[in-house]
There are 2 protein chains.
Amino acid sequence: MDSVKVFAPATVANLCSGYDLLGLAIDFPGDEVVLRAKKEPGLVIKKIQGDEGKLPYDSGENCVTVAIQAYLDYMDSQAGFEVELHKKMPIGSGLGSSSASSVAGIFAANYLLGEPLAKKELVQFAIEGERVACGSAHADNVAPSLLGGIVSVNSYDPLIINEIELGLDIFLGVVHPNIEVRTADARAVLPKKIEMGDVVRQSGYLSSLLLGLSQADEQMIKFGLQDVLAQPHRAKLIPHFLQAKELALQMGALGCGISGSGPSIFTMTTQKEKAKEIAAEIARLFASKGIESSFYCSGINKNGARVVE
Amino acid sequence: MDSVKVFAPATVANLCSGYDLLGLAIDFPGDEVVLRAKKEPGLVIKKIQGDEGKLPYDSGENCVTVAIQAYLDYMDSQAGFEVELHKKMPIGSGLGSSSASSVAGIFAANYLLGEPLAKKELVQFAIEGERVACGSAHADNVAPSLLGGIVSVNSYDPLIINEIELGLDIFLGVVHPNIEVRTADARAVLPKKIEMGDVVRQSGYLSSLLLGLSQADEQMIKFGLQDVLAQPHRAKLIPHFLQAKELALQMGALGCGISGSGPSIFTMTTQKEKAKEIAAEIARLFASKGIESSFYCSGINKNGARVVE
C-alpha cells in the first residue's frame with residue numbers, strides 16, 4: 001500500500017453548554033487528503049483544491065503537513081509523502097475546516113504506516129495542526145472528526161477524551177451563512193471572568209445536556225442546549241442569529257446554537273426531516289436578508305475519519 | 001391514619017465538580033419526624049430530641065414546620081399537626097441536617113393527607129425549610145434526601161431536578177470531624193468570579209463525573225472528582241483536610257471532597273469494605289490530631305425519605 005485517500009468529517013463544537021468541551025461529527029461535508037509514499041523523507045504538498053487560494057503550500061505552515069510531521073516525529077519515522085488536499089467544506093465556517101484537513105492527513109499517514117497507533121492516540125498530533133491553523137491547540141473539533149460521535153474533551157494535560165454513549169438518535173441541521181467571523185474576534189468578545197452564579201447556571205445546562213443525551217430524555221437535552229458563557233456575546237457577531245434561533249425553536253428544534261466560533265449555526269432534533277426543514281427555513285431567512293448560505297442535514301457521524309480509496 | 005413517623009437520610013452535596021448542583025443520599029444517619037393529626041389547624045412542635053437545645057420550638061422559625069406550612073398553604077389545607085423531631089445526625093455537619101428534618105416533615109404531611117403530591121413535587125416546599133435554616137433556598141440536599149439516588153439540580157426557575165441513572169455500585173465513606181464550619185464562612189471564602197480557564201477545567205471534571213457514573217467508568221469518575229471552584233478555598237476551613245484526602249487517594253478512593261460546606265469529608269469507592277476502611281483511617285488521622293469524629297459507610301440510598309412507622 002503506497003497511497004490512500006481519507007475523508008474526515010466536519011464537526012460542530014461547543015454545543016451551547018459544552019463551551020470548549022463538547023464536539024460532534026456530522027456526515028457531510030468534510031475534507032479529503034490523498035497521501036502517496038515517496039522514497040525520500042519529508043512532506044511535499046502537491047495540490048490543494050477548493051481553497052480559493054487561501055491555504056499555504058509550505059509544509060511548515062499548512063496544518064495538514066504540520067500534523068503529519070508531528071506524528072512522524074513521534075513515531076521516529078523517516079517516511080516521506082506527497083500530499084493532496086481536497087477542501088470540500090468552507091474555510092472559516094465554524095465547522096472545523098482545518099481540523100477535518102489535519103485529521104484526514106494524520107489518519108492517512110497512520111494508515112500507510114500500518115496503523116501502529118489507535119485512532120484515539122492520533123488526536124494529540126491533529127491538535128498540532130490546530131495550533132498552526134487557529135493559534136490554539138484545541139481538540140473539540142479534531143477529536144470528533146477523528147473518532148466520530150459526540151465527544152467530551154475533559155482535559156488537555158493529560159489529554160482525556162470521552163465518548164458519550166447516546167441513548168437516542170440525534171439529527172443536526174447546520175447552516176453556514178456566507179459571512180466572515182474571525183476566530184480571534186470570537187475569542188475577544190468573551191469575558192475573561194464569569195460570575196459564580198453564571199458558572200453554576202451553565203453547569204446545570206451542561207449536566208442536563210449530558211444526562212439527557214445518555215438517558216434519552218428530549219426535555220433534558222432541550223434545557224441543556226442553553227449557554228450563558230459564549231452565546232450571548234458571540235450572537236452579535238452573526239447577523240440575524242437570534243431570529244434564526246427563535247425560528248428553529250418555534251419549528252420544534254431541541255436547541256439552536258453557534259457552531260464553534262461561528263458563523264455556522266446548528267440546530268438539534270430527533271427527527272431527520274425536521275432537521276432538514278429547519279435548516280432550509282433558516283437558509284431562507286438569511287436569503288431574505290441578502291445573505292447567501294449553504295445548509296446540511298445529518299445524523300451523528302459515528303465513524304469519524306475513514307479511508308475512501 | 002392520623003399519625004406517622006418518617007425517616008429522611010443525610011446527604012452529601014457538591015461532589016467536587018458538582019458544586020451547587022449535585023447531591024446524593026446515604027443510608028445512615030438521618031432524621032425522624034413524627035406527625036400527629038390534631039383537630040385544629042396549625043402546627044405545634046411538641047418535642048425536639050437530640051439537638052442539644054439548638055433548634056427553635058417556634059413553628060415560624062423551625063425549618064420543619066416552615067416547610068410543612070408551605071406545603072399546607074399550597075394545598076390550601078386546614079390540617080393541623082403536632083410535630084416531634086428526632087435529630088439523629090449532627091447539626092452543622094455538612095451532611096444536610098436541616099434538609100433531612102424538613103424533608104421528613106414534608107413527606108410525613110403529604111403521607112397523612114393521602115399522598116396528593118408526588119415525591120418530586122415536594123422538593124419546592126422542603127426548599128422553604130432551607131431558606132429558614134440556612135438563609136438560602138438550595139435544593140442539593142433536600143432533593144436527594146427526598147428522592148434518594150444521586151441527583152442534579154439543573155435549575156431553580158423553573159425547578160428542574162434530574163436523577164442520574166447509575167451504571168455501577170458506589171459506596172461512600174463519610175467522616176464528620178467535631179469542629180464547626182459556619183455555612184456563612186464557607187460561602188464567604190469563595191471567589192465571586194471565576195477565570196474562564198477554570199470554568200472550562202471544572203466543566204471537564206463535571207462532564208467526566210457524570211459520564212463516568214452513567215457509563216460505569218471508574219477512571220472517568222476519578223478524574224471527575226476534582227474541583228477548582230470551591231475545594232481550594234474551603235480546604236483551609238477544615239484542619240487536616242488535605243492530609244485526609246491524600247490518605248484516601250493513597251488507599252484507593254476514587255475521590256475525596258468536602259461534603260456540602262463541610263466540615264464533613266466524603267470519599268467515594270466502588271467497594272463497601274474499602275469505603276469503611278478509608279473512613280476509619282481518616283477518623284484515626286483526626287484522632288491523632290486531637291479531633292474527635294464520627295464516621296459512616298453507605299451505598300447510595302436509592303429510596304430517600306420513607307415511612308418507618
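Keep in mind that the numbers below use all heavy atoms, side chains included, and drop hydrogens, waters and symmetry copies. Order of the sequence lines sets the chain letters (A, B, ...), proteins ahead of strands, with each chain counted from 1.
A:F223 touches chain B through its side chain: at least one heavy atom from C-beta onward sits under 4.5 Å away, while N, CA, C and O do not. For a residue to count as touching a neighbouring chain, one of its non-hydrogen atoms must lie under 4.5 Å from one of that chain's; by this rule B:E163 touches chain A with the backbone only. Heavy atoms closer than 4.5 Å to chain B are found in the side chain of A:L211, but not in its backbone. Heavy atoms closer than 4.5 Å to chain B are found in the side chain of A:S214, but not in its backbone.
Residue A:L213 holds its CG atom at 11.5 Å from CG of B:L210, rounded to the nearest 0.5 Å. Atom OG in A:S207 sits 6.0 Å away from atom CD1 in B:I164 (nearest 0.5 Å). Interatomic distance, CG of A:L206 versus OG of B:S17, reported as 10.0 Å (0.5 Å rounding). To the nearest 0.5 Å, the span separating CE on A:M220 from OG on B:S152 amounts to 7.5 Å.
The closest side-chain heavy-atom distance from A:S208 to B:I160 is not below 4.5 Å. You'll find the side chain of B:Q202 stays beyond 4.5 Å of the side chain of A:V199, heavy atoms only.
Although no hydrogens or angles enter the test, the distance criterion places no donor-acceptor pair under 3.5 Å between the side chain of A:E165 and the main chain of B:Q215.
Between chain A and the options B:N154, B:V200, B:L190, B:L21, the largest number of non-hydrogen pairs under 4.5 Å is found for B:N154.
Counted within 6.0 Å of NZ on A:K193, heavy atoms from surrounding residues, nucleotides or ligands total 12 or fewer; the atom is thus considered open.
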